Amino acid sequence: MEVLAIEKLTEREKEVLVLIKKDATISREEIANKLEISESAVGTYIHHLSTKGYLLGRGYIIAPEKKVVIAGGANLDIKGYSPNYIKGSSSPGWIKESPGGVARNIAEDLALLEQEVVLLTAVSSDHFGEQLKEETKAVGVDISHFKITSAQENKTGVYLAHLDQNGDLIGAVNDMRILKKIDINYLNEKRKIIETSSMLIFDTNLEESSISFLLELARDKKMIKIADAVSVEKALKLKNKLIYLDYLRANLDEIEVLLGLVKMEASGTTQKLNIKDRMQRLEKFYSENKHLPEMIISAGKKGVYYLSRNKEKVKLEHFKAPEINSEEIVETTGAGDALTAGFVAGIMNKKSIQESIELGIKASTLTIKSELTCNPDLSELV
Ligand SMILES: Nc1ncnc2c1ncn2[C@@H]1O[C@H](COP(=O)(O)OP(=O)(O)O)[C@@H](O)[C@H]1O
Ligand SMILES: O=c1[nH]cc([C@@H]2O[C@H](COP(=O)(O)O)[C@@H](O)[C@H]2O)c(=O)[nH]1
């Protein structure tokens, strides 16, 4: 039946129909490029296909929207600084609160960089949840898909950090149990919004089952898939999933542990090794393991490394971070998240990978100079 029906179409109409059947989300622009015809001609063929009944309605072709969907954690960050920290005692200092959580930070930074961004996360109806919703919405992130749980059931995520006088982390505790609510059922409800995005980012605050489901949803779809590793421990959730990613954004410690080059317990001591040796070991592993995604690897003041493969050849590129003198460094919370956001904004604006990484570094540099996790000055980068 189907073959007979197709015979009634012109050659061009058949070609257009075949492309649509292969990929229902193909855009007019892509059809035009593939068939080397104009977009308006594609429009005419689609109209013919509709009037002849081969396409049911105009909505059959859904162009991927130019939006980023990001799934993961949202926290209230509570950061305490003590200039004269005394272990085991209560040290005078000052305490600041700001919205946080890796996925939320990336979303805010992306909104500051003028990207359309939808955040999929969970907050409670408690005071912190209200604050997060309000402040995240105010910068332009689409929060309409948040999962809101009752205050009795869960509390909004909190990240409690203790920083020294230089803004470096002494230690932190995070309570993000609420993220269990970003489960398969919730993600399935959000399926449409995920499938029609041009970029999917997620962080490893999500449960492993949720990450698997997201990657399953995105499989065979055209969107770019990026994971942000969050922390050495949480990065391990990506162990068997790297093959499904386009890019991994992580710091060097996280990548070494994730790839099994360093044991988690030894991660702190590895930092003392020469960075060239660490990169060499990583590059060797990367060339032997062909399933790995491209990697944007941050290394604090040493900048960013980018590992990629062109056919069989592995390429390692280094991007220096600008030297910032210590008085200018306020605190580094959110620097990695800003790097991810800058990189993504670059890609969304069709910049090269190299230009996108440079934009990420600029965003990180601004973040370090601010006491806020997301620096509003990022908007000056666009
Ligand atoms: N002390 C620093 N001096 C200059 N740039 C820095 C410094 N610390 C971080 N950065 C910038 O921020 C980026 C991300 O920081 P990093 O600490 O490596 O990430 P993460 O937060 O993921 O651990 C770095 O690649 C670098 O560009
Ligand atoms: O396990 C986690 N720890 C910390 C964060 C968040 O990460 C940011 C700090 O991370 P970093 O210092 O790596 O930039 C904070 O906003 C905090 O809420 C998170 O999402 N998950």
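Counting from 1, the numbers follow the sequence of the chain as shown. Keep in mind it's a predicted model, so treat the numbers as computed, not measured. Atoms within a ligand are numbered from 1 in the order they appear, just like the ligands themselves.
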For this session: Assess Val304 for proximity to ligand 1: is some non-hydrogen atom of it under 4.0 Å away?
Result: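 Val304: in contact with ligand 1 (<4.0 Å).
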Modelled atom types, side-chain donor and acceptor of [X] and [Y], under 3.5 Å:
X: Ser27; Y: Glu30; result: yes
X: Asp203; Y: Asn205; result: yes
X: Asn154; Y: Ser124; result: no
X: Lys67; Y: Thr196; result: yes
X: Lys79; Y: Thr373; result: yes

Nearest-neighbour protein heavy atom for [atom], which is reported as residue plus atom name and distance:
atom: atom 3 (N) of ligand 1; value: Lys301 CB, 3.4 Å
atom: atom 15 (O) of ligand 1; value: Ala335 CB, 3.8 Å
atom: atom 21 (N) of ligand 2; value: Asn205 OD1, 2.8 Å
atom: atom 23 (O) of ligand 1; value: Asn251 ND2, 2.9 Å
atom: atom 3 (N) of ligand 2; value: Asn174 ND2, 3.8 Å
atom: atom 5 (C) of ligand 2; value: Asn75 ND2, 4.0 Å
atom: atom 7 (O) of ligand 2; value: Val102 CG2, 3.6 Å
atom: atom 16 (P) of ligand 1; value: Ser298 OG, 3.7 Å
atom: atom 8 (C) of ligand 2; value: Asn105 ND2, 3.9 Å
atom: atom 6 (C) of ligand 1; value: Ile368 CD1, 3.2 Å
atom: atom 1 (O) of ligand 2; value: Lys234 NZ, 2.8 Å
atom: atom 4 (C) of ligand 1; value: Ile324 CD1, 3.5 Å
atom: atom 13 (O) of ligand 2; value: Val230 O, 4.8 Å
atom: atom 22 (O) of ligand 1; value: Arg249 NH2, 3.2 Å
atom: atom 15 (C) of ligand 2; value: Asp77 OD2, 3.1 Å

Distance-only N or O hit between ligand 2 and [X], under 3.5 Å:
X: Ser231; result: no
X: Thr333; result: no
X: Thr373; result: no
X: Asp337; result: no
X: Gly334; result: yes
X: Tyr159; result: no

For this session: Name the orientation class of the two ring planes belonging to Tyr81 and Trp94 (parallel below 30°, tilted from 30 to 60°, perpendicular beyond 60°).
Result: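 Aromatic pair Tyr81/Trp94 classed parallel.
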Exercise. Within a strict 4.5 Å, meaning less than it, do heavy atoms of the Ile347 and Met199 side chains meet?
Worked result: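 They are in side-chain contact.
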Would you mind listing which atoms of ligand 1 come within a distance below 4.0 Å of any non-hydrogen atom of [X]?
X: Ser364; answer: 11 (C), 12 (O), 13 (C)
X: Ile329; answer: 1 (N)
X: Pro322; answer: 4 (C)

Problem set entry | Near-ring test His162/Tyr85, centroid separation under 6.0 angstrom |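 Yes, they do, as the ring centres are separated by less than 6.0 Å.
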Exercise. Looking at Phe319 versus Tyr305, is the centre-to-centre ring distance below 6.0 Å?
Worked result: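 Judged by ring-centre distance (under 6.0 Å), Phe319 and Tyr305 do not meet the cut-off.
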Problem set entry | Proximity of Ala299 to ligand 1 by residue part, where a heavy atom lies under 4.0 Å |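 Near ligand 1, Ala299 shows its backbone, while the atoms from C-beta on stay back.
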Can a salt bridge be assigned to the pair [X] and [Y] using a cut-off of 4.0 Å between side-chain N and carboxylate O?
X: Lys284; Y: Glu288; answer: yes
X: Asp175; Y: Arg177; answer: yes
X: Lys362; Y: Glu358; answer: no
X: Arg28; Y: Glu39; answer: no
X: Asp23; Y: Lys222; answer: yes
X: Lys237; Y: Glu208; answer: no

[X], any N or O under 3.5 Å of ligand 1 N or O:
X: Glu254; answer: no
X: Gly300; answer: yes
X: Gly336; answer: yes
X: Thr332; answer: no

Problem set entry | Cation-pi check, Arg309 onto Tyr286 ring (under 6.0 Å, within 45° of axis) |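 So Arg309 does make the cation-pi contact.
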Exercise. With backbone taken as N, CA, C and O and side chain as the heavy atoms from C-beta onward, which portion of Asp203 lies under 4.0 Å from ligand 2: side chain, backbone, both, or neither?
Worked result: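 The answer is neither.
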Problem set entry | Any donor-acceptor N/O pair, Asn251 side chain to Glu254 backbone, under 3.5 Å |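 Between the backbone of Glu254 and the side chain of Asn251 there is a qualifying donor-acceptor contact (under 3.5 Å).
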Exercise. Donor-acceptor pair, Ser370 side chain versus Thr367 backbone, under 3.5 Å?
Worked result: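 A pair under 3.5 Å: no.
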Exercise. Is Leu381 linked to Leu339 within one hydrophobic cluster, defined over Ile, Leu, Val, Met, Phe, Trp and Tyr using a side-chain heavy-atom separation of less than 4.5 Å?
Worked result: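 No; Leu339 is not reachable from Leu381 via cluster members.
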Exercise. So is Arg104 close enough to ligand 2, meaning a heavy atom under 4.0 angstrom away?
Worked result: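 In this structure, Arg104 fails to qualify as a contact of ligand 2 - no heavy atom is under 4.0 Å.
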Exercise. If you measure from atom 6 (C) of ligand 2 to every heavy atom of Gly73, Gly101, Gly100, which option wins on shortest distance?
Worked result: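 Closest candidate by heavy-atom distance is Gly101.
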Exercise. For atom 25 (O) of ligand 1, which candidate among Ser326, Gly334, Ala321, Gly303 holds the nearest heavy atom?
Worked result: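 Result: the heavy atom closest to atom 25 (O) of ligand 1 is in Gly303.
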